[in-house]
S.K.: 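Please see the structure below; I have some questions.
The basis for the numbers below is simple: all heavy atoms, side chains too, and nothing from hydrogens, waters or symmetry mates. Read the numbers this way: they start at 1 and go in the same order the structure lists the ligands and their atoms.
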Amino acid sequence: MAGLFPSLLLLLVPLSLTALAEASPSSTHDKFLPDKIARELAGYQDVVEQIVDYAVNGPGQNQSYDRLATFTDAFGSRLSGTQNLENSIDYMLEYLRKDGLDNVHGEDVNVTRWLRNQESARLVEPRDYVIAISSLGSSVGTPEEGILAYAIVVRSFDELVTRMDEVTGKIVVFNQDYEGYPKSAIYRVASASRAAEFGAVATLIRSVAPFSIHSVHTGIQFYNESLPKIPTACITIEDAEMLYRMEQRGTRLRIQLIMGAENLNMTRSRNTVAEITGSVYPEQVVVVSGHIDSWDVGQGAMDDGGGVFISWQALTTVRALGLKPKRTLRLVLWTDEEAGGVGSQQYYDAHKTEAGNYSVLLESDEGVFTPYGMEFTGSGAAMMVMEGIGKLLPEFLNSSVIYAGGGGTDVGWWRASGVPTGSIANHNEHYFYFHHSDGDTMTVLDPHQMDLCSAVWTAFAYVLADMDDLLPRD
Ligand SMILES: *[C@@H]1O[C@H](CO)[C@@H](O)[C@H](O)[C@H]1NC(C)=O
Ligand SMILES: *[C@@H]1O[C@H](CO)[C@@H](O)[C@H](O)[C@H]1NC(C)=O
Ligand SMILES: *[C@@H]1O[C@H](CO)[C@@H](O)[C@H](O)[C@H]1NC(C)=O
Ligand SMILES: *[C@@H]1O[C@H](CO)[C@@H](O)[C@H](O)[C@H]1NC(C)=O
Ligand SMILES: *[C@@H]1O[C@H](CO)[C@@H](O)[C@H](O)[C@H]1NC(C)=O
Ligand SMILES: *[C@@H]1O[C@H](CO)[C@@H](O)[C@H](O)[C@H]1NC(C)=O
Ligand SMILES: [Zn+2]
């Protein structure tokens with residue numbers, strides 16, 4: 001696809017999830033760290049051990065999980081544009097201050113405001129059957145009485161084009177195979193406009209997930225502004241396959257779709273910031289981050305409560321151990337990530353003139369399951385520093401390997417402008433079982449696994465914030 005969609009998608013998809021299947025260690029093992037840096041890193045061995053002990057066996061044990069459970073049980077899901085999200089941000093500001101952190105504040109941004117409202121779908125021909133749906137973010141609604149139309153089922157955009165003469169006035173159901181998140185998410189993101197181009201009245205997309213117990217998985221979609229905006233929702237894998245089988249047998253499908261979704265004016269939200277101010281170079285920054293907003297389904301525990309709470313845990317741990325990093329260790333909780341990184345883009349716009357003072361931005365937004373290293377985008381020289389830090393970690397954390405391709409949606413603008421970015425490699429093989437669905441709850445997470453992530457996250461963040469120099473760039 002030309003134009004807007006591919007670049008937006010790139011920003012939406014964590015690089016490392018793209019790379020999960022083919023993740024390969026960086027190829028810098030045959031090169032050597034400059035002696036000075038190797039000696040400097042060796043000096044952090046003891047403090048890294050203290051950090052790990054604090055996080056895994058000490059007072060930090062279970063802390064990020066318990067804090068997150070308290071938070072999600074209190075607020076539940078945190079959709080951009082809602083008062084509930086703002087209340088959850090107020091709560092974080094209060095507790096970050098209570099935690100003794102510096103410069104705790106919100107930075108105002110304008111965010112999207114989309115409401116799902118009531119939604120339902122029924123197969124009315126060949127038999128009466130309730131189809132579970134979840135409207136996609138930014139979708140328009142149907143007229144109040146709904147849309148009643150015949151449906152066709154396609155398996156790909158190519159098939160859509162081949163059958164374009166059949167599309168006018170129809171609901172187009174997409175039953176695309178799951179071929180990994182980035183590839184399949186294009187169907188969620190772009191199907192409405194692709195089908196509207198040929199006269200479709202609505203689209204229903206097979207949920208982008210590798211596994212399903214009749215679950216619907218929402219997510220953002222984008223309209224092509226030069227085409228009619230038609231309602232779009234996801235359906236379960238099971239229903240997509242059933243509709244496909246019915247059509248293969250020549251059965252005529254007729255569906256009634258009712259969606260109350262609406263897009264309201266942008267509203268105010270905040271990126272949440274807290275720091276341990278640098279003791280020597282306060283203007284220089286290492287960022288640890290996650291996004292506080294979530295979809296309106298599930299509890300936003302995994303996506304991205306986990307990333308938010310291990311990032312807070314990093315500052316808690318550094319402070320509790322009485323460590324005073326030379327440069328500023330800054331926690332940022334991004335708002336409105338789910339609509340495409342809306343809050344983080346405004347943070348970038350507001351702070352990009354300081355880019356020369358950012359050593360690295362770390363973002364955790366792909367799970368906080370058992371870690372097995374870090375993912376990193378930056379120069380070869382910086383990659384060697386990252387590997388040097390990884391080697392300070394004890395063997396049981398299995399984190400001495402740095403994989404190419406680090407960071408998430410919210411640090412994408414920094415990465416694109418050449419600032420190093422990183423994320424945590426973790427055993428998130430089942431991430432998309434739960435992603436953007438009612439299944440995203442605390443039950444998916446594990447306190448010990450979160451402690452292991454906190455240990456790795458804190459060690460990297462602290463050492464990077466305390467080293468003599470910023471990470472080298474190309
Ligand atoms: C939007 O649709 C028009 C008309 O089909 C097409 O020419 C254009 O490339 C599309 N834009 C994007 C960003 O896909
Ligand atoms: C942490 O949770 C585990 C169970 O998941 C429990 O056995 C352990 O005692 C807890 N540790 C603390 C410090 O509460
Ligand atoms: C948010 O929108 C208001 C007006 O609606 C504008 O004055 C302000 O500059 C915007 N803020 C950002 C960060 O874009
Ligand atoms: C939304 O914004 C438009 C343009 O600024 C304004 O005319 C309209 O009154 C606003 N609607 C609401 C509900 O605030
Ligand atoms: C870092 O920040 C200081 C203080 O604002 C500024 O003087 C300096 O030029 C900045 N350095 C870079 C490399 O941007
Ligand atoms: C370490 O992580 C790698 C990469 O996922 C995995 O193959 C290996 O089994 C892990 N080792 C341990 C001891 O967990
Ligand atoms: Zn996320």
S.K.: Give me the nearest non-hydrogen protein atom to atom 5 (O) of ligand 2 as residue plus atom name, then the distance to 0.1 Å.
M.R.: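 That would be P447 CG, 3.8 Å.
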S.K.: What orientation do H351 and Y358 show, parallel under 30°, tilted 30 to 60°, or perpendicular over 60°?
M.R.: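 It falls in the tilted class, 30° to 60°.
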S.K.: Determine if the distance from atom 14 (O) of ligand 5 to the closest protein heavy atom is below 4.0 Å.
M.R.: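 Within 4.0 Å of atom 14 (O) of ligand 5, protein heavy atoms are found.
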S.K.: Apply side-chain contact (heavy atoms from CB on, under 4.5 Å) to V52 and F396, showing your working.
M.R.: CA-CA 11 Å; V52 171; F396 77 91; 3.7 Å; yes
S.K.: Measure centre to centre between the rings of F71 and F309, then say whether the value is under 6.0 Å.
M.R.: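 Centroid distance F71-F309: below 6.0 Å, so yes.
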S.K.: From atom 7 (O) of ligand 2, is the closest protein heavy-atom distance below 4.0 Å?
M.R.: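 Given the 4.0 Å limit, the answer for atom 7 (O) of ligand 2 is no, no protein heavy atom qualifies.
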S.K.: Do me a favour and list the nearest non-hydrogen protein atom to atom 12 (C) of ligand 5 with residue, atom name and distance?
M.R.: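 Going atom by atom, the protein heavy atom closest to atom 12 (C) of ligand 5 ends up being N357 ND2, 3.7 Å.
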S.K.: Is the positively charged end of R194 above the ring of F157, judged by distance under 6.0 angstrom from the centroid and angle within 45° of the axis?
M.R.: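 The answer is yes, since R194 meets both limits relative to F157.
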S.K.: Would you name the N/O/S atom of D303 that lies closest to the Zn ion (ligand 7)?
M.R.: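 The nearest such atom is OD1.
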S.K.: In terms of ring plane angle, is the pair Y347 and W334 parallel, tilted or perpendicular, where the classes change at 30° and 60°?
M.R.: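 Because their plane-to-plane angle is over 60°, the rings of Y347 and W334 count as perpendicular.
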S.K.: Below 4.0 angstrom, counting only protein heavy atoms, does anything approach atom 2 (O) of ligand 5?
M.R.: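 Yes, at least one protein heavy atom sits under 4.0 Å from atom 2 (O) of ligand 5.
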S.K.: Go through the side-chain N and O atoms of S423 and E375 and say whether any donor and acceptor fall under 3.5 Å apart.
M.R.: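 Result is yes, a qualifying pair exists.
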S.K.: So, of the N/O/S atoms that D365 has, which is the nearest one to the Zn ion (ligand 7)?
M.R.: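 Sorting the N, O and S atoms of D365 by distance to the Zn ion (ligand 7) puts OD1 first.
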S.K.: Out of N62, D66, D451, D446, whose heavy atom sits nearest atom 10 (C) of ligand 2?
M.R.: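 Looking at heavy atoms only, the winner is N62.
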S.K.: When you measure from the Zn ion (ligand 7) to the N, O or S atoms of D304, does any of those distances fall below 2.8 Å?
M.R.: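 Not a single backbone or side-chain N, O or S atom of D304 is under 2.8 Å from the Zn ion (ligand 7).
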S.K.: Quick one: look up the protein heavy atom nearest atom 11 (N) of ligand 2 and list residue, atom name and how far away it is.
M.R.: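 In this structure, atom 11 (N) of ligand 2 has Q61 OE1, 2.6 Å as its nearest protein heavy atom.
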S.K.: Using a cut-off of 6.0 Å, state whether more than 12 heavy atoms not belonging to H448 lie near its atom NE2.
M.R.: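 Not buried by this count: 12 neighbours or fewer within 6.0 Å.
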